[in-house]
Amino acid sequence: MIWQRDKAAVDPSNRIHPDDIAPSAWERTREVLWQFPRFASAWGPIEPTGPEEGPPALVLPGFLSSDRSTSQIRGALGRYGWRAHPWELGTNKGAYHGLLETLEERLDAVGDGRKVLVLGWSLGGLYARELARHAPDKVRAVVTLASPFCGDLKSNNNVRWLYEWVAGHDVNEPPFPRLEDKPPVPTMAFWSRRDGIVAPRAARGDECHSDRAIEIDTHHMGFAVWRPALSRIMAHVNRFVCEVEGEMPARTRSEQRAHERAEKRARRDASESARQA
């Protein structure tokens with residue numbers, strides 16, 4: 001008997017690239033065990049953060065997460081000058097009919113006539129991209145954090161079985177169309193090779209999927225709670241929007257304080273000049 005190997009079996013073009021494969025169950029378990037204490041301790045208030053006059057931003061939580069779990073994200077946006085708002089829809093238990101319409105109402109509420117920066121963590125990033133397609137005239141830009149927006153959702157993450165059980169529908173058949181091409185607004189994607197939930201390419205995509213993709217050295221949950229990573233992310237976001245629009249969209253907290261001190265000095269000088277006159 002002569003054993004032969006099918007040429008297709010050894011053809012490199014038929015092999016799945018490691019970046020397209022979801023992390024193992026062990027990686028998922030380690031992600032939760034290592035990050036959950038930090039994640040739980042980072043839960044905070046759900047009210048808007050940042051300067052009241054800052055440009056509006058809406059933060060969408062990940063699967064089985066709520067506004068309390070994105071408090072650190074909103075805090076980071078606030079430190080970089082944005083007025084960051086929660087989604088106010090409770091725990092994210094998966095997509096459902098009418099979700100995009102409800103999120104559009106949130107855009108109207110927080111934007112007050114202005115376009116809104118929409119930032120989504122994990123599953124929230126998929127919502128953010130579809131929301132930008134649904135209401136492009138109300139979305140300033142989309143930012144995704146470790147969101148599996150590219151590829152087959154049955155193979156690019158290791159929690160699809162849990163999603164299908166909780167949401168009650170096939171992960172590849174959501175109640176509204178899911179498209180991979182870039183939304184019609186400036187789009188930025190952050191991803192990590194240390195992500196224990198989502199495959200790297202799923203959160204990174206290709207050039208046709210987003211305007212910019214940046215690797216951050218953190219875990220999946222670190223995107224929501226690790227302050228050094230969040231500070232780097234927000235700095236990138238401000239620079240990205242500045243490049244797109246030609247001017248810095250918001251002041252950092254230190255810049256805002258310096259601006260307030262300068263205004264205070266100007267008012268004091270004007271008052272003294274008026275008294276001398």
Enquirer: Taking all atoms of both residues into account, what is the closest heavy-atom pair of Leu126 and Phe149, and its distance?
Expert: CD1-N, 3.9 Å

Enquirer: Identify every side-chain donor-acceptor pair in residues 46-58 under 3.5 Å, counting partners at least two apart or on other chains, and give the distances.
Expert:
from, atom 1, to, atom 2, distance (Å)
Thr49, OG1, Arg74, O, 2.7
Glu53, OE2, Gln256, NE2, 3.0

Enquirer: Are the side chains of Arg129 and Thr187 in contact, using a 4.5 Å heavy-atom criterion?
Expert: yes

Enquirer: Which of these passes side chain to side chain contact (heavy atoms under 4.5 Å, CB included) with Met188: Leu117, Asp211, Val142, Ile214?
Expert: Ile214

Enquirer: Quick one: CG on Leu60 to OG on Ser122, what's the gap to the nearest 0.5 Å?
Expert: 11.5 Å

Enquirer: If I compare all heavy atoms of Gly125 with all of Ser147, which pair ends up nearest, and what's the gap?
Expert: CA-OG, 3.2 Å

Enquirer: Compare all side-chain heavy atoms of Pro249 with those of Trp82 and state whether any distance is below 4.5 angstrom.
Expert: yes

Enquirer: Going through the checks in order, is the salt bridge (charged side-chain N to carboxylate O under 4.0 Å, His left out) test met by Asp137 and Lys115?
Expert: CA-CA 7 Å; Asp137 57 324; Lys115 288 189 174 183; over 6 Å; no

Enquirer: Heavy-atom distance under 4.5 Å between the side chains of Val116 and Lys138, does that happen here?
Expert: no

Enquirer: Backbone N or O of His220 within a donor-acceptor pair of the Trp121 side chain at under 3.5 Å?
Expert: yes

Enquirer: Locate the shortest heavy-atom distance separating Ala203 from Ala189; write the atom from each residue and the value.
Expert: O-CB, 3.6 Å

Enquirer: Give me the atom names and distance for the closest heavy-atom approach of Ser69 to Ser65.
Expert: OG-CB, 3.1 Å

Enquirer: Taking the side chain as every heavy atom from C-beta outward, state whether Pro186 and Val241 have any atom pair closer than 4.5 Å.
Expert: no

Enquirer: How are the rings of Tyr163 and Phe63 set relative to one another: parallel (under 30°), tilted (30 to 60°) or perpendicular (over 60°)?
Expert: tilted

Enquirer: Any donor-acceptor pair under 3.5 Å linking the side chain of His209 with the backbone of Asp206?
Expert: yes

Enquirer: Are the side chain of Tyr127 and the backbone N or O of Ala95 linked by a donor-acceptor pair below 3.5 Å?
Expert: yes

Enquirer: Under 4.5 Å between any side-chain heavy atoms of Pro148 and Val198, yes or no?
Expert: yes

Enquirer: With a 4.5 Å cut-off on side-chain heavy atoms, are Pro184 and Pro136 touching?
Expert: yes

Enquirer: Under 3.5 Å, is there a donor-acceptor pair between the side chain of Asn92 and the main chain of Ser66?
Expert: no

Enquirer: Step by step, work out the salt bridge (charged side-chain N to carboxylate O under 4.0 Å, His left out) result for Glu243 and Arg239.
Expert: CA-CA 6 Å; Glu243 290 174 9; Arg239 284 197 294 270; 5.8 Å; no

Enquirer: So do Leu107 and Val118 actually touch side chain to side chain, heavy atoms under 4.5 Å?
Expert: yes

Enquirer: Passes side chain to side chain contact (heavy atoms under 4.5 Å, CB included), Ile73 versus Leu119? Steps please.
Expert: CA-CA 9 Å; Ile73 299 176; Leu119 186 149; 3.6 Å; yes

Enquirer: Would you say the ring centroid of Phe190 lies under 6.0 angstrom from that of Phe223?
Expert: no

Enquirer: In Å and rounded to the nearest 0.5 Å, what is the CD to CD distance from Glu105 to Glu101?
Expert: 8.5 Å

Enquirer: Using every non-hydrogen atom in the two residues, find where Ala128 and Gly120 come nearest and quote the distance to one decimal.
Expert: CB-N, 4.3 Å

Enquirer: Give me each pair satisfying salt bridge (Lys or Arg N to Asp or Glu O under 4.0 Å) with a member in residues 216-231, each pair once, sequence neighbours excluded.
Expert: Arg194-Asp217

Enquirer: Do side-chain atoms of Asp195 reach the backbone of Ala146 as a donor and acceptor pair under 3.5 angstrom?
Expert: no

Enquirer: For Glu104 and His134, run side-chain hydrogen bond (donor to acceptor under 3.5 Å, both in side chains): C-alpha distance rounded to whole Å, both residues' side-chain angles, the deciding distance at 0.1 Å, then the answer.
Expert: CA-CA 8 Å; Glu104 184 179 2; His134 177 77; 3.0 Å; yes

Enquirer: May I ask you to say whether Glu215 pairs ionically with Arg204, meaning some side-chain N is under 4.0 Å from a carboxylate O?
Expert: no

Enquirer: Do Leu131 and Leu99 come close enough that some side-chain heavy atom pair is under 4.5 Å?
Expert: no

Enquirer: What salt bridge (Lys or Arg N to Asp or Glu O under 4.0 Å) pairs are there with at least one residue in residues 82-97, not counting sequence neighbours?
Expert: Glu88-Arg106

